[in-house]
Amino acid sequence: MIVFVALLLVASQVLVFLAIDRAVSSNTLVSVREEIAVGERIFHRLLRERSEQLITAARLLTSDFAFRQAIASGDQGTIASALNNHGSRIGAEKMVLVGPDGRIMATAGPTPSASVSTSATSVAELVAEAARSGSASGIKLSDGEPCQVVVVPVLAPAPIGWVVLGFSIDARLAEELSALTSLDISFAGWQRDRGWALAASTLDSDRRDQLRRTLAGVAPDDTTGKLATTVAGDHVTSASVLSIDDDHAVLAILQRSMTEALARFGSLREILLWLGAISLGATIVGSLLIARSISRPVNRLVAFAQRLEGGDYEHGPPPGGNDELGQLATAFNSMRLAISAREQQIKAMAYHDSLTGLPNRVLFNDRLRQSIGVAQRLDHPVSVMLIDLNRFKEVNDTLGHYVGDLLLQEVAARLRGALARASDTAARLGGDEFAVLLPAVGAAKAQEVAQRLRQALMQPVEIEGHLLDVDGSFGVASFPEHADEPNLLMSRADAAMYVCKRRRLSCVVFEDGHEAELDGSETLALSTELRQAVERSEFRLYYQPRVDLSRGGTMHAEALIRWQHPQRGLLLPSEFIPFAERTDGIHAVTLWVIAEAFAQVARWRRQGLPMSLSINMSVRDLLSEELVPELLQLLQTHDAAAHWFVFEITESAIMDDPERTRKIASQLKNLGFGLSLDDFGSGCSSLAQIKRLPVSEIKIDQSFVAKVTTERDDLAIVRSVIDLAHNMNLEVVAEGVESQQALDLLQRLCCDHAQGYHVGIPMPAEEFEQWIRRPRTARGEVAMAHKGFDA
Amino acid sequence: MQAPTSASTLRLPALMSACLLAAFTASAGELRALVRDADGKPLADAVIVAVADAPGQRAGRPAAPGTDTIIIDQVNKEFIPYVLPVEVGTSVSFPNRDNIRHHVYSFSDAKRFELPLYIGDPAAPVLFDKPGTVILGCNIHDWMIAYVYVANSPYYAKTDASGTATLTRLPSGHYRVRVWHPRLAGGEDETTESLDVTDEGVVEASWQISLTPDFRIPRAPVPGQAGY
């Protein structure tokens, strides 16, 4: 972060520096150009002033009487020497006397060979100009050297001749002009036959050479523009043509060095660099200080958050000030406390039964393992006791889940109260099954505890105005006597409990024969009994009405089987169907149910009761290859129509063998049977699979419907299922409707059918007939102890 | 030297021409000249010189009594007149009427002379014995200039402000007449015209001549009168 800030700063400073540098450069260029322009004006003015001075000097010279006398003498020698003498007085290099007729009368000069004859024509021009205006001046080439030439008349007092004086343009003049204009000044002469020659210059030799090279490629009449571009580089250049004719030209080149001009800004650049260095240093120091005040507390908070992540809720965050970080730390602390509390809650939920508050199976097993671990080291026994409430389902079914729940809570409270020691654990394992862990207690002692607990349970309990008798079956197993590891110990206690239940004893301690009794003989006996039950006509078919919410009326029912056991009374499907499914007995049961249902509906139809029926179909039967032919046979036998019946298939059936299920379901559909998906929502069937099944309706599992009026989640699920089903063109049946509220709600949700105790309990055929013929308002009797196949 | 006789030559032909015209018309011819510059403006100070072809024509030469001395004054730091035509052999005096000294000189080939600083009348007049133009200057005052035109003929006159000059008493005969002016561009001979003059007649001639730029040096400012 600091590095980034520093880099950012460096970058911005570099940018600023470059921008300023660029601005300086371009400004410098502009100002240098201005300097050159100004310098050029000054230069020309100086040249002009010099001409005027020279003219004045020349006038003074020519008005000298002696000089005029000498000129007038007409003697060549006299004239020449007078010219030389007087010309030298004012520093002229070349002197020429031109007669009134324009002829050169005499020449003189410090360099005897010097002659202006090479530029006689240009001198003649100047003389002509002087004749017009009294005097003339100009820059001319003489012997390749640029000269400032002035022409004045010799008046006696009318002109008797013209004195032409040439003043060489030399380094001294260049220096002088350079000092006044602050420009580098060079004079160059051009002759047609010799080209350019640099006459005088304030440039150093390198730059003179450079200038010579540049001039070499430039025509005399094309200098101004070209030089400005060609002699670029370090110099800004301006060229002025001082004189030009066909064969000669004199050029003044004014230059300004950019380097020198920029040197003025050198100090500015240095200041900028210093400023940059100082602010960079300040940034780094500042960043370190910020790091001290921000990064470190942040790092401490990060460490704290990591501790939180690791599950350490004990320690609070590092102390913070009143600044933002302090507030953050406070927020972190609040978060820590909230998370901690929630975790406690989650733990409690995970390890406790929410209904009774007792430890659940997970916690119970955990404690069991701990106890056994301790017991192994201390060589103690550990006993577990499993308790199953007798006939609890009847309470539940008859008086409703609410009463059942209250009963379970009462049982839990009694168990908890009856346990003397803190180390003993009572737990609810599920349904009406409880367990008690008795560390350091052997089987015999455990049996005593069991008796005590039973005494506690057997006290009648009054719930919602109902006086209920409670009893339980107790199975006990002990470590290490009956098992040396927790799972086995539990299963042995379970076996003992079942034996106890079957034998209708109060308490049974595990014995070796118990498991065999449960697994073998029991099953064997049951399957024999099942077969006999068909022969002896011990099964009964009950009919639970289902109301059509959209159209009203009840013309459909679900067929539910009951077993009128000679010894055990009326058995619910849950009490024998699971056994039947484990053996082949189920097929006989199913066939009986279908046959009876077909016969009954056919009977009703003949009586003018246009009923249709739902029939539960077990997985095993569904997948049977004989099913379809058997159904056809039965339809024929009972003179029934397939469209009177709907087969209910559970989600689990689909999951077992989706492909085959789909195939048979399609066959049934083709025969005219309706198909319903039972217990929808309880399994995990994929929508894709449901979509592929030819079902015409789904039945929402009663676990959702039961709490649809109280639980928002369940309401959402039911609503979603209804919408979903409708979108798939399926009808929806709600099971387990237990109140008018639920019924109304479902109707509002556009559920198609409703079924449940509030609509009607399962009833034998005769009762059902009476029920259905009664006016709708008179229906809704007190529910009897009947339970559906699907319960 | 014939200076005394020739000194009787008319000093100002322009003044004379008007009154003499009627008196001498019958006895000699007359040339009336008009000189204009290139722009057509009448040109003063031009000298008209008529040279007779034959020497015998000199009969009508104006006779001048030698009483009057021909002079060029120096008044208020100027030569007066600016142009003075004289015949060869004429002496001219240069009296200084200013209260300062003048230094009159000439470097002209026709007459080189020098009258070093003097006040009042110089010791002797200057004899102009060669024809040609003599330019007079003052070595003290650069702007002072005057021309003495030394003619090789007795017949000459100077134009007045109206650009006219009248040559009188010309004996009849053939004349070559030329014009000179201080600023005449080109040679004097180029202006030559041939004219015939009769005793009774008045010949008129006119010239239009080109001039060189006026080259006179401005007067130096008088101290205390700067700007006025």
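Note on naming: letters A, B, ... go to the chains in the order of the sequence lines (proteins, then strands), and numbering restarts at 1 for each one. It should be emphasised that the depicted structure is a prediction, and the values quoted were computed from it without experimental measurement.
Side-chain contact between B/Y105 and A/Q69 is absent, with no heavy atoms from C-beta onward closer than 4.5 Å.
The salt bridge (Lys or Arg N to Asp or Glu O under 4.0 Å) search around B/R176 returns B/D53, not counting sequence neighbours.
Of the possible polar contacts, one joining the B/R112 side chain to the A/A72 backbone as a donor-acceptor pair under 3.5 Å is found.
Considering only heavy-atom pairs separated by less than 4.5 Å from chain A, the leading option among B/N139, B/D109, B/T212 is B/N139.
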Just list the side-chain donor-acceptor pairs under 3.5 Å for residues 167-181 of chain A, sequence neighbours left out, or say none.
unit_1	atom_1	unit_2	atom_2	d
A/D170	OD1	A/R172	N	3.4
A/D170	OD1	A/L173	N	3.0
A/S178	OG	A/L183	O	2.6
A/T181	OG1	A/L177	O	2.8
A/T181	OG1	A/L183	N	3.3

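Here the options are B/D142, B/I135, B/L136, the test is side-chain contact (heavy atoms from CB on, under 4.5 Å), and the partner is A/P157; only B/I135 passes.
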task: Output, in order, the C-alpha distance, side-chain angles, deciding distance and verdict of side-chain contact (heavy atoms from CB on, under 4.5 Å) for A/F65 and B/H103.
output: CA-CA 11 Å; A/F65 189 68; B/H103 179 165; 4.0 Å; yes

